[in-house]
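Being a predicted model, the structure only gives us computed values, none of them experimental.
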Amino acid sequence: MTLARMNRAALFAIALACALVPPAHGSQQEAGPRAGDVYEISTEQLWSENSGEGSDGSSQSRDVTIERVIAVRDEGIELEFDLPADASAENRVAIWQFPLRVLRPSNGPLRLLNRPELEARVDGWLEAGSIPREACGRWVFTWNAFQIQCDAQAALDAMAALDLGGLDLRDGAPYSDPDGLGTAALRRQAGGPDFATFVARMEVDPEAIRRQRIRTDTILSDMLGPSAESPPDPGRRAAERISGTITVTFETGAELRRRTRVMELRIEMPDGVRESQTFTDRTERRLVSPSAD
């Protein structure tokens with residue numbers, strides 16, 4: 001198998017992992033969270049590509065996570081993230097990261113509260129699957145690409161990327177993106193008594209995208225082994241001309257927050273071939289069971 005013929009789903013999975021995008025947290029907390037509130041966080045990622053050589057590709061993935069408000073304290077909000085109630089027993093065994101408890105402080109990043117529990121679960125998961133500890137961090141390919149993840153901190157980082165509570169959503173608030181150049185200001189596009197829409201736009205950072213492409217090349221090469229076609233060397237990647245835009249839209253209301261991030265890339269290869277890619281990442285947080293208090 002060559003890199004050019006690698007399953008598109010594998011490229012999509014690796015690209016998403018190489019571009020984990022946490023939201024920009026500010027000082028504002030969501031209005032009135034109460035112990036016992038339950039939110040459903042749904043995510044959808046879509047990717048499409050046109051290589052300029054008559055080769056198009058696309059892929060998508062969807063997932064659902066449950067967020068429960070455990071307690072509201074002076075120092076912040078204690079939350080539990082978990083799989084949906086209808087998750088199968090097999091999924092609960094396979095996904096050791098849940099349940100995960102965190103503190104969302106008034107300022108700063110999420111803090112993990114049940115690290116010893118997670119570390120004990122991952123030990124059991126490795127033992128049950130006969131997976132050696134040294135395999136942690138490796139990428140493997142079956143019907144899709146996935147990383148053998150054994151790090152509690154990585155589980156926390158994944159939840160931080162989904163956390164839409166406590167965002168600083170106001171006209172003029174600064175917004176930054178790991179793949180973007182500089183900082184953009186959120187601009188209020190629409191609103192009313194019960195909802196508002198904010199948008200930020202910026203140019204992509206070519207060097208950040210280049211680093212991701214080199215990392216993806218390395219991961220694919222490691223997965224496919226010595227018989228695979230050699231990936232493009234870093235020098236060739238350095239000669240690529242990369243441009244594009246990132247548009248992030250926040251929609252917020254009394255019981256719903258939605259973030260839609262669209263990154264459009266244009267890449268010109270050293271041989272003149274042009275490639276375009278579009279990544280769309282949509283995260284929606286909806287109150288599904290308010291506190292009985």
Side-chain angles (χ1 to χ4, degrees), residues 3 6 8 10-26 43-52 57-61 109-110 137 139 145 147 149 151 153-154 156-164 167-168 173-187 198-223 231-250 259-270 273-283:
L3 290 175
M6 187 66 178
R8 293 288 183 180
L11 292 169
F12 175 63
I14 295 168
L16 285 178
C18 290
L20 188 66
V21 181
H25 281 78
T43 61
E44 181 180 26
Q45 293 90 25
L46 301 99
W47 167 77
S48 62
E49 177 190 61
N50 185 309
S51 71
S58 64
S59 188
Q60 66 182 60
S61 69
L110 298 182
W139 284 82
Q147 189 177 28
Q149 189 55 261
D151 185 5
Q153 183 61 42
L156 177 63
D157 292 343
M159 289 304 98
L162 302 183
D163 183 32
L164 300 186
L167 293 173
D168 186 10
Y175 186 86
S176 60
D177 188 288
D179 296 328
L181 278 174
T183 300
L186 286 171
R187 294 304 180 193
F198 301 89
V199 179
R201 295 184 177 89
M202 65 193 73
E203 298 295 316
V204 301
D205 180 352
E207 292 309 312
I209 303 303
R210 199 182 321 279
R211 288 192 295 269
Q212 290 180 24
R213 288 170 67 80
I214 292 172
R215 183 185 176 197
T216 299
D217 291 340
T218 301
I219 291 170
L220 285 173
S221 181
D222 290 345
M223 287 168 55
D233 63 76
R236 184 175 184 273
R237 290 297 190 206
E240 294 176 345
R241 298 177 62 184
I242 300 172
S243 61
T245 59
I246 298 171
T247 303
V248 183
T249 303
F250 291 96
R259 179 189 65 204
T260 304
R261 176 184 184 266
V262 180
M263 180 169 67
E264 297 179 300
L265 295 178
R266 297 177 296 277
I267 303 167
E268 184 175 343
M269 311 297 181
V273 173
R274 296 182 179 182
E275 177 181 293
S276 63
Q277 296 183 3
T278 300
F279 292 86
T280 301
D281 186 337
R282 184 174 295 109
T283 302

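- Counting heavy atoms from C-beta outward, Met269 and Arg236 have side chains that approach closer than 4.5 Å.
- Of all non-hydrogen atoms in Ile242 and Pro206, the two that sit nearest each other are O-CG, 3.6 Å.
- To the nearest 0.5 angstrom, Asp217 atom CG is 12.0 Å from Gln212 atom CD.
- Not counting sequence neighbours, the partners of Arg210 by the salt bridge (charged side-chain N to carboxylate O under 4.0 Å, His left out) test are Glu207.
- Under a 3.5 Å cut-off, the side chain of Glu264 and the backbone N or O of Gly244 do not form any donor-acceptor pair.
- Residues Met202 and Ile246 meet the side-chain proximity criterion, which asks for heavy atoms closer than 4.5 Å.
- Between Ile209 atom CD1 and Ile214 atom CD1 the span is 12.0 Å, to the nearest 0.5 Å.
- In this structure the side chain of Thr245 never reaches within 4.5 angstrom of the side chain of Arg201, judged on heavy atoms.
- Taking CG from Asp163 and CG from Leu110, the interatomic distance works out to 4.5 Å, rounded to the nearest 0.5 Å.
- Asp177 and Arg261 make their closest contact through OD2-NE, 2.8 Å (heavy atoms, listed as atom of the first residue, atom of the second, distance).
- The side-chain heavy atoms of Glu49 and Glu275, taken from C-beta on, include a pair separated by under 4.5 Å.
- Between atom CZ of residue Arg282 and atom CZ of residue Arg259 there is a gap of 11.5 Å, rounded to the nearest 0.5 Å.
- The OG atom of Ser61 sits 8.0 Å away from atom CG of Leu46, with the distance rounded to the nearest 0.5 Å.
- A heavy-atom distance below 4.5 Å is not found between the side chains of Phe279 and Gln45.
- With values rounded to the nearest 0.5 angstrom, Thr280 atom OG1 is found 12.5 Å from Trp47 atom CH2.
- Closest heavy-atom contact between Ala173 and Asp168: CB-O, 3.5 Å.
- Shown here for Val204 and Ser243, the closest heavy-atom pair between the two residues is CG2-C, 3.6 Å.
- Using a 4.5 Å cut-off on side-chain heavy atoms (C-beta onward), Arg213 and Glu240 make contact.
- Of all heavy-atom pairs spanning Ser176 and Thr183, the tightest one is CB-OG1, 4.2 Å.
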